[in-house]
K.L.:
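If you scroll down you'll find the structure; I have some questions about it.
What's counted below: heavy atoms across the whole structure, side chains too, no hydrogens, waters or symmetry copies.
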Amino acid sequence: MTYTRTFRNLVKYGVPAVCWAAGLIAVLLILALLSVIFLKGYHSLEPGFVLEESREAGASGGIRYQIIGTLILVLTTAAAAIPVSLAIGITRVSVLKHSSLLRHVVDGGLQMLNSMPSILFGVLGFMLFTQHFGWGKSWLAGGIILGLMIVPIVSLAFVNHLLSLPPNRLEAAYGLGLSPQQVLVSVWLPHGWPGLVSGLFLGLARAMGETAPILFVAAVFSGAGMPLGITDSPVLALPYHIFVMAQDSFDSRAQANAWGTALVLVMLVLAFNGVAYTLRMKLHYGEHH
Amino acid sequence: MKNFAAAPLQSCKKNWVRLISAVAVIVLATLALLALIYVIGESAPVFKHAGINFFLGHEWYYRDSLFGALPMIYGSLAVSLVALTVAVPIAIPASIWTAELLPVRWRSLAKGVIELLAGIPSVIYGLIAVIYLREWVYDLFSPWFLTSGDSLLTAGLILAVMILPTITTLADDALCSVPEQQRMAARGLGLNSMETILYVSLPQAAPGIFSAVVLGFGRAVGETIAVFLVVGRMDGQLPNSTGLLHSLLGTGQTLTSKLGGAELFLAYGDKLHWSAMMGLALVLLMLIGFSLITVTVTRFASAFVHHRFVATNGRLSA
């Protein structure tokens, strides 16, 4: 390669031009997506839309039970994910030895679980809950599946936060002669739980938008209100509603309804992400004090 | 902290919290293993039935017990490669933009905005693809006698948007982990700031950037809903047109769109049919596993090279 002045100038001005262009494309893409969702959806956004039941196969009416169904799924997901992630976090930092191979196994396993396609959770849930247990479509099965799906997100956030705690607190606790059990209860958990909560909101934001895991297991398009039992108690859900509406989106009223649903879902997801982000920022701030 | 955490389990009396945790983790790991064994075990009959033709057969008619998964494998690889072809040329310069060009206080903001892309649910990407992207693809390529905008290309394009943030943030992390001294040394040798990026930062971050691309591929292969909505209704056959662009413009099918379709309900009653569906799940798992193994090997290899050649006396050799 000849290092002429022209070539060096080409690098000096060409590289930043390309990179700025690419970066701006990425940023503009997200702004365009969000504004499309907002502009298309905000017509539908009125009290009636949130409070009424949907009618005429989603063409008119609101999305009351879709919102309720998604909230039911979110609560069940949280209930399933919290104990498991707590157990993984405690095991990871307090039970396993610092340099043990098992720590790498746990970390690797979580990474693997994190990169599993969500449809596989749906298929396995269908096999286990819907068919083998004979639950049919059930909100509980959907919540458990979604909960397992977000376990890596929640527990990795929890573990990372635990490991970033200032070591002097631990040293002080051990210096006072506390047993590992006492250290767990008096140092790890009181200082570590905000990491769990932040990870939980991150995971729930992902769970509430997922369609594939609840496709066969929990969601139906119409004909479900509040679930009254466990077996054959499906729920309506925002992402599944959009999924069905997108497949026959030729009726303009149905399309408007789908966009409105999309806006509600995006606002919920962003709100949950926002809570997670704020908590994480607070944590980082708190560490220096 | 090292030695404190290593205090033996037996030394304390009330261990129940830690005991329950450890047991729960063991149970969970066992369940995950059982799920894997189940998928392998359930897919055995179809391999006995079709043999290697499960991977090479290009026809899937379950009524005739004909299970060739090639159309779905081809579809999955085609949409993922289209996605990578479109996303990588934007994602890598964008990661240079966030990691090297932007002032530090703007970096986290820009990265956060790009990561917002990853937070949008895939069904909403699907909706946008159905309403807009599908029409654009149709208008753009209608001279080629398209019947609809549903195609492998459309699915690949929407996937490109979805994996863009994944690749960008991971590549950004890789670039940011290049030590600052390396850049200073390069500047000291008279390279201008952009040459420093091209000849120092990028080569050193290359393994990390490669991993980012591979993980993006894994994400693309596993995505279901957005692909399902725009990939079209071709079922059980390879695209019948020749030529790369032509076959990409045809409708297709991916592993995930087959698994996410109504055929799963139908398959459950029939042992062989269900086994074929589990075979598809296994192929999907193998593709994901392949990408994870590639990333792990890259990480270990680059750590080894770093240890062997770079970290010797803090001097760059080789």
K.L.:
Where do B/V123 and A/P239 come nearest, in terms of heavy atoms and distance?
P.N.:
CG2-O, 3.5 Å
K.L.:
Given that the side chain runs from C-beta out, which part of A/L238 has a heavy atom under 4.5 Å from chain B: side chain, backbone, both or neither?
P.N.:
neither
K.L.:
Could you go through the side chain to side chain contact (heavy atoms under 4.5 Å, CB included) check for A/L120 and B/T256 one step at a time?
P.N.:
CA-CA 9 Å; A/L120 290 180; B/T256 51; over 6 Å; no
K.L.:
Quick one: do A/I30 and B/I120 satisfy side chain to side chain contact (heavy atoms under 4.5 Å, CB included)? Show the steps, please.
P.N.:
CA-CA 10 Å; A/I30 178 71; B/I120 294 182; 4.0 Å; yes
K.L.:
Are the side chains of B/Y268 and A/T130 in contact, using a 4.5 Å heavy-atom criterion?
P.N.:
no
K.L.:
Considering only heavy atoms, which portion of B/L284 lies under 4.5 Å from any heavy atom of chain A: side chain, backbone, both, or neither?
P.N.:
side chain
K.L.:
Given that the side chain runs from C-beta out, which part of B/L116 has a heavy atom under 4.5 Å from chain A: side chain, backbone, both or neither?
P.N.:
both
K.L.:
Looking only at heavy atoms, what is the nearest atom pair of A/A262 and B/L127, with distance?
P.N.:
CB-CD2, 4.0 Å
K.L.:
Would you check if A/V123 and B/M278 make a side-chain contact, meaning some heavy-atom pair closer than 4.5 Å?
P.N.:
yes
K.L.:
Please report the closest heavy-atom contact between B/G260 and A/L215, naming both atoms and the distance.
P.N.:
O-CD2, 3.4 Å
K.L.:
Checking heavy atoms, do the side chain of A/I88, its backbone, both or neither come under 4.5 Å from chain B?
P.N.:
both
K.L.:
Identify which part of A/A205 has an atom lying under 4.5 Å from any heavy atom of chain B, answering side chain, backbone, both or neither.
P.N.:
neither
K.L.:
Measure distances from A/L148 to the heavy atoms of chain B and classify the residue's part below 4.5 Å as side chain, backbone, both or neither.
P.N.:
side chain
K.L.:
Where do A/C19 and B/P93 come nearest, in terms of heavy atoms and distance?
P.N.:
CB-O, 3.5 Å
K.L.:
Going through the checks in order, is the side chain to side chain contact (heavy atoms under 4.5 Å, CB included) test met by A/L29 and B/I114?
P.N.:
CA-CA 9 Å; A/L29 205 55; B/I114 292 174; over 6 Å; no
K.L.:
Does any non-hydrogen side-chain atom of B/I124 lie less than 4.5 Å from one of A/V266?
P.N.:
yes
K.L.:
Looking at A/R8, I want to see if its CZ is surrounded by more than 12 non-hydrogen atoms of other residues, nucleotides or ligands under 6.0 Å.
P.N.:
yes
K.L.:
What part of B/L259 gets within 4.5 angstrom of chain A, counting heavy atoms only: side chain, backbone, both, or neither?
P.N.:
both
K.L.:
Would you mind checking which part of B/V27 comes under 4.5 Å of any heavy atom in chain A, side chain (CB onward), backbone (N, CA, C, O), both or neither?
P.N.:
neither
K.L.:
Search all heavy atoms of B/R18 against all heavy atoms of A/S94 and return the closest pair with its distance.
P.N.:
NH1-O, 2.5 Å
K.L.:
Is chain B contacted by the side chain of A/V84, its backbone, both, or neither, given a heavy-atom distance below 4.5 Å?
P.N.:
side chain
K.L.:
May I ask you to decide if the ring planes of B/W274 and A/F126 are parallel, tilted or perpendicular, using 30° and 60° as cut-offs?
P.N.:
tilted
K.L.:
Can you find a heavy atom in the side chain of B/L285 that is under 4.5 Å from one in the side chain of A/M116?
P.N.:
yes
K.L.:
Please look at A/L34 and chain B and tell me whether the side chain, the backbone, both or neither of the residue comes under 4.5 angstrom of a heavy atom of that chain.
P.N.:
side chain
K.L.:
Tell me, side chain or backbone of B/L191 under 4.5 Å from chain A's heavy atoms, or both, or neither?
P.N.:
backbone
K.L.:
Please flag which part of A/L184 lies under 4.5 Å from any non-hydrogen atom of chain B: side chain, backbone, both or neither.
P.N.:
side chain
K.L.:
Is there a side-chain contact between A/V11 and B/L198 (heavy atoms, below 4.5 Å)?
P.N.:
yes
K.L.:
Mind checking whether A/S115 and B/L292 have side chains closer than 4.5 Å, heavy atoms only?
P.N.:
yes
K.L.:
Could you look at A/I25 and say if it's the side chain, the backbone, both or neither that has a heavy atom under 4.5 Å from chain B?
P.N.:
side chain
K.L.:
Please identify, among B/P165, B/G289, B/G222, the residue contributing the most non-hydrogen atom pairs under 4.5 Å to chain A.
P.N.:
B/G222
K.L.:
Tell me if the OH atom of A/Y13 is crowded by more than 12 foreign heavy atoms within 6.0 Å.
P.N.:
no
K.L.:
Using heavy-atom distances under 4.5 Å, tell me whether A/M127 contacts chain B through its side chain, its backbone, both, or neither.
P.N.:
both
K.L.:
Out of curiosity, B/Y125 OH to A/L33 CG, how far, rounded to the nearest 0.5 Å?
P.N.:
5.5 Å
K.L.:
Is the ring pair A/F243/B/F228 parallel, tilted or perpendicular, if the boundaries are 30 and 60 degrees?
P.N.:
tilted
K.L.:
In terms of the angle between their ring planes, are A/W259 and B/Y132 parallel, tilted or perpendicular, with boundaries placed at 30° and 60°?
P.N.:
tilted
